[in-house]
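To keep things clear, I will list the structure first and then write my remarks on it.
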Amino acid sequence: MGTDDKQRQFDEIVARLRTDYPSLRPRRSWSRGARIAVAVVGGLTWGLLSVAMVAWGAAGVVLTLAVAVVAAALAVAAHRLRR
């Protein structure tokens, strides 16, 4: 009976802390399907950009760099929005 009471008190304390400090709330994560889809699309994109660098020379390199910069900017923006 003492263990149940301690667990209840702990849960109440955690709930109050999450209410007072929103940054302690658990973050939503992507579903497994979404992660797989992003990985597949990212892999295909990178493969096509690698082929473009070989086939198109300097223009392919510039395209790859532009895509990499845009992807990095989007990742930074998404990270800042989550904070």
Side-chain angles (χ1 to χ4, degrees):
M1 198 152 148
T3 304
D4 292 335
D5 189 44
K6 287 182 181 179
Q7 182 64 39
R8 184 182 54 77
Q9 288 176 345
F10 175 78
D11 291 339
E12 289 173 0
I13 291 170
V14 169
R16 273 188 276 139
L17 284 172
R18 285 184 178 165
T19 301
D20 293 342
Y21 300 99
S23 63
L24 295 177
R25 293 183 188 145
R27 293 184 178 154
R28 291 178 27 168
S29 62
W30 290 9
S31 67
R32 181 177 180 186
R35 286 183 287 178
I36 290 172
V38 168
V40 168
V41 169
L44 289 173
T45 302
W46 190 253
L48 291 173
L49 288 171
S50 296
V51 170
M53 285 191 293
V54 172
W56 297 342
V61 172
V62 170
L63 174 66
T64 301
L65 289 174
V67 170
V69 167
V70 168
L74 289 173
V76 168
H79 178 71
R80 289 188 179 177
L81 284 176
R82 279 184 271 151
R83 291 179 117 205

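The first residue of the sequence shown is numbered 1, and numbering continues consecutively from there.
Under a cut-off of 6.0 angstrom, the local environment of CZ in Arg32 is sparse, with at most 12 non-hydrogen atoms contributed by other residues, nucleotides or ligands.
Grouping the Ile, Leu, Val, Met, Phe, Trp and Tyr side chains by contacts below 4.5 angstrom, directly or via other members, places Val62 apart from Leu49. The same ILVMFWY cluster, assembled from side-chain heavy atoms under 4.5 Å apart, contains both Ile36 and Leu44.
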Name the atoms and distances for all side-chain donor-acceptor pairs under 3.5 Å in residues 67-76, with sequence neighbours left out.
none

Using atom types as modelled, flag every donor-acceptor pair under 3.5 Å from a side chain in residues 13-21 to any protein atom, sequence neighbours excluded.
residue	atom	partner	partner atom	Å
Thr19	OG1	Ala15	O	2.9

For this session: Check the pair Trp56, Val61 against side-chain contact (heavy atoms from CB on, under 4.5 Å), reporting the backbone distance first and the verdict last.
Result: CA-CA 8 Å; Trp56 297 342; Val61 172; over 6 Å; no
Exercise. Given Arg8 and Asp11, is the salt bridge (charged side-chain N to carboxylate O under 4.0 Å, His left out) satisfied, shown in steps?
Worked result: CA-CA 5 Å; Arg8 184 182 54 77; Asp11 291 339; over 6 Å; no
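Not counting sequence neighbours, Arg80 has no partner by the salt bridge (charged side-chain N to carboxylate O under 4.0 Å, His left out) test.
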